[in-house]
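Below: the structure, in structure tokens.
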Amino acid sequence: MKQVALRLGMLALLVCLCSLASAESFTDDDGVEWLEAGEYTLYWGEEVNASGYMIKAADFSPSKAFDTDSDYVMLTVLSDRSESWQTILAVNNSNIPDNYIFGDRLNITALSVVTGNNIPVPYTNITVFLSNVSQTPTVVIEKIDKTIIVEENRAKEVYIDERAHIEVKIRNLRVVPTAIQLVQEIPDGLVFDPDIDMDWNFTLAAGGQRSYKYSLKALRPGTYNFTGTQVLVSMDERIYRKTLNDTQLIVHGPYINLTKSHSAESVQVNDIIEIQVSAVNEGDRAAYVSVSDEIPLEAVLVGGSISSSKILHPSENITLTYSLRMDKAGSIVMPSAKASFTDPRDYKDIAYSRRYMLYVADEHGQGGYEQDGYYDKFPQASSFYDNINSEQPEIVQEDHGMFQIFYDLMDAVKKFISNLRQK
């Protein structure tokens, strides 16, 4: 019994040693350490999750009566970062490799590819290795620095009416042509020079150099944070990646946020409603601001002021409050308020509040708004200073079909009469 127990113990030890031996690792010629993640058998259409990478046997070479050296498998890989790759592997084939490295992190080798008419489903045996991420970045950066030189010059501060200029210079230190790609994420609120070519995927000749220049313009003042430019270099059928330093762009200037709100929750003919217009300087520079509003033809001003002007320092505001008596029932378009402003650098622009529809009922409750969902459709206050051209907001209009030209003419006459009243 002791001998049987001893033999079983030795057998268990051998199994344990074999398991340890299978957990292999190796370091390639570039100094990258690869750790074994497992060995898998994949049948046609099957996929396996190897440490966050979904590996699928998407297709095989056409089946023949017997296996040949030309048999291959097509693998697709999807990472948990939504990256995707595809490659073809074969065994003992001088034209198709048996190994491929995906994104500098995943290393797959085909051990066998089995097709043929005498099996129900073709399959492949593969080994999967993952790079030791604690060591790889240093090796990758050193390899890139010995391959290319990248210089990035960025504007640090600009004014709201100026363009921020950026230049990236790349020089190839190798004695062979090298494929390079630059990837830059642009923060929201910045727009490109319309003539820029964003295809930054190119090949540099041996010892060659290239310069990329572009400019950006801000939609409003503020601080814009740039993540570092990604530099991808293709060498020896692998992709090496380097990230440049993060940067900031500070855009100075005034920014006038204009809002308009009304007080009434239910409106009938001859009701008095309060209107409030507020202009706030949300920029970091002072500006002379002139705010004015327009009274709809269906209303009469009964109190307050519809215009004012003032020098607004950062965070200061102008507020107009006035009262209107609604003299007519129906769907009334409440016009946009306007804020014209100029700063000491003679930078000028105009901000508009958003227009909205006010429904007014007559004394019999006809022609008014529907209670349900009315104030959801027409918010009480909003800003329209959301585009660089400060375009007029879209007017809410009713479509009168072929008679629209007559309604347009009537609106023009009403506006002319209104201007005469205000004078």
Side-chain angles (χ1 to χ4, degrees), residues 27-34 77 79 81-85 87 100-107 130-158 162-218 222-251:
T27 301
D28 63 17
D29 295 338
D30 296 323
V32 178
E33 183 182 10
W34 295 95
V77 177
S79 76
R81 307 178 189 180
S82 296
E83 302 164 301
S84 61
W85 300 277
T87 191
Y100 192 81
I101 296 175
F102 303 83
D104 290 326
R105 302 185 300 275
L106 182 67
N107 189 329
L130 299 177
S131 64
N132 187 345
V133 294
S134 63
Q135 297 182 8
T136 300
T138 301
V139 175
V140 170
I141 291 175
E142 289 178 355
K143 192 170 184 67
I144 287 183
D145 289 341
K146 293 178 182 179
T147 303
I148 60 171
I149 294 177
V150 182
E151 297 179 6
E152 188 176 46
N153 299 312
R154 290 180 169 275
K156 300 295 189 299
E157 295 185 49
V158 296
E162 298 174 338
R163 289 194 173 273
H165 294 277
I166 298 94
E167 181 178 15
V168 183
K169 299 179 181 179
I170 310 100
R171 184 155 64 95
N172 185 13
L173 303 179
R174 304 180 77 197
V175 295
V176 294
T178 302
I180 300 172
Q181 183 179 6
L182 302 180
V183 179
Q184 172 66 74
E185 294 184 5
I186 304 302
D188 292 337
L190 296 175
V191 293
F192 268 106
D193 184 325
D195 297 328
I196 188 66
D197 181 6
M198 287 296 296
D199 185 13
W200 295 345
N201 194 341
F202 54 94
T203 298
L204 276 184
Q209 59 183 2
R210 180 173 294 193
S211 177
Y212 279 98
K213 297 180 181 180
Y214 64 97
S215 63
L216 301 168
K217 193 168 184 180
T223 299
Y224 298 86
N225 297 308
F226 289 80
T227 56
T229 300
Q230 298 283 325
V231 183
L232 289 79
V233 182
S234 177
M235 292 181 290
D236 307 322
E237 298 184 350
R238 295 181 58 189
I239 302 296
Y240 294 85
R241 184 190 305 267
K242 179 179 180 179
T243 304
L244 304 184
N245 293 331
D246 295 347
T247 58
Q248 275 190 343
L249 172 65
I250 300 176
V251 180

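Heavy atoms only: backbone and side chains are in, while hydrogens, waters and symmetry mates are out. Model, not experiment: these values are computed from the prediction.
At least one side-chain heavy atom of Phe192 sits under 4.5 Å from a side-chain heavy atom of Leu216.
Once rounded to the nearest 0.5 Å, the distance linking OG1 of Thr227 with CD of Gln184 reads 5.5 Å. Taken to the nearest 0.5 Å, the CG atom of Asp145 stands 3.5 Å off from the NZ atom of Lys242. Between the CD1 atom in Ile148 and the CZ atom in Arg210 there is a gap of 13.0 Å [rounded to 0.5 Å]. Rounded to the nearest 0.5 Å, atoms CD (Glu152) and NZ (Lys169) are 12.5 Å apart. The line from OH of Tyr214 to CZ of Arg163 is 13.0 Å long, rounded to the nearest 0.5 Å. To the nearest 0.5 Å, atom CG of residue Asp246 and atom CG of residue Asn225 are 8.0 Å apart.
Annotation for Arg241 and Ile144: closest pair C-CD1, 3.4 Å, computed over non-hydrogen atoms. Of all the heavy atoms in Thr247 and Arg154, the pair that sits closest is OG1-CD, 3.3 Å. The two residues Tyr224 and Asp188 have their closest heavy-atom pair at CE2-O, 3.5 Å. For the residue pair Lys213 and Glu167, the shortest heavy atom distance occurs at CE-OE2, 3.2 Å.
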Quick one, Thr229 with Trp200, criterion side-chain contact (heavy atoms from CB on, under 4.5 Å). Give me CA distance, side-chain angles, the key distance, then yes/no. CA-CA 12 Å; Thr229 300; Trp200 295 345; 5.8 Å; no
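Residues meeting the side chain to side chain contact (heavy atoms under 4.5 Å, CB included) test with Ile250, sequence neighbours left out: Glu157, Thr223, His252. A search for side chain to side chain donor-acceptor pair (under 3.5 Å) contacts involving Asp28 returns Trp34, Arg238, not counting sequence neighbours.
Proximity of the aromatic rings of Phe102 and Tyr100 is defined here by a centroid distance below 6.0 angstrom, and this criterion is met.
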Can you list, pair by pair, the side-chain donor-acceptor contacts under 3.5 Å of residues 170-182, counting residues two or more places apart and other chains?
| residue | atom | partner | partner atom | Å |
| --- | --- | --- | --- | --- |
| Asn172 | OD1 | Arg174 | N | 3.0 |
| Asn172 | OD1 | Thr178 | OG1 | 3.4 |
| Asn172 | ND2 | Val176 | O | 3.1 |
| Asn172 | ND2 | Thr178 | OG1 | 3.3 |
| Asn172 | ND2 | Leu204 | O | 3.3 |
| Asn172 | ND2 | Ala205 | O | 3.1 |
| Arg174 | NH1 | Thr178 | OG1 | 3.4 |
| Thr178 | OG1 | Val176 | O | 3.3 |

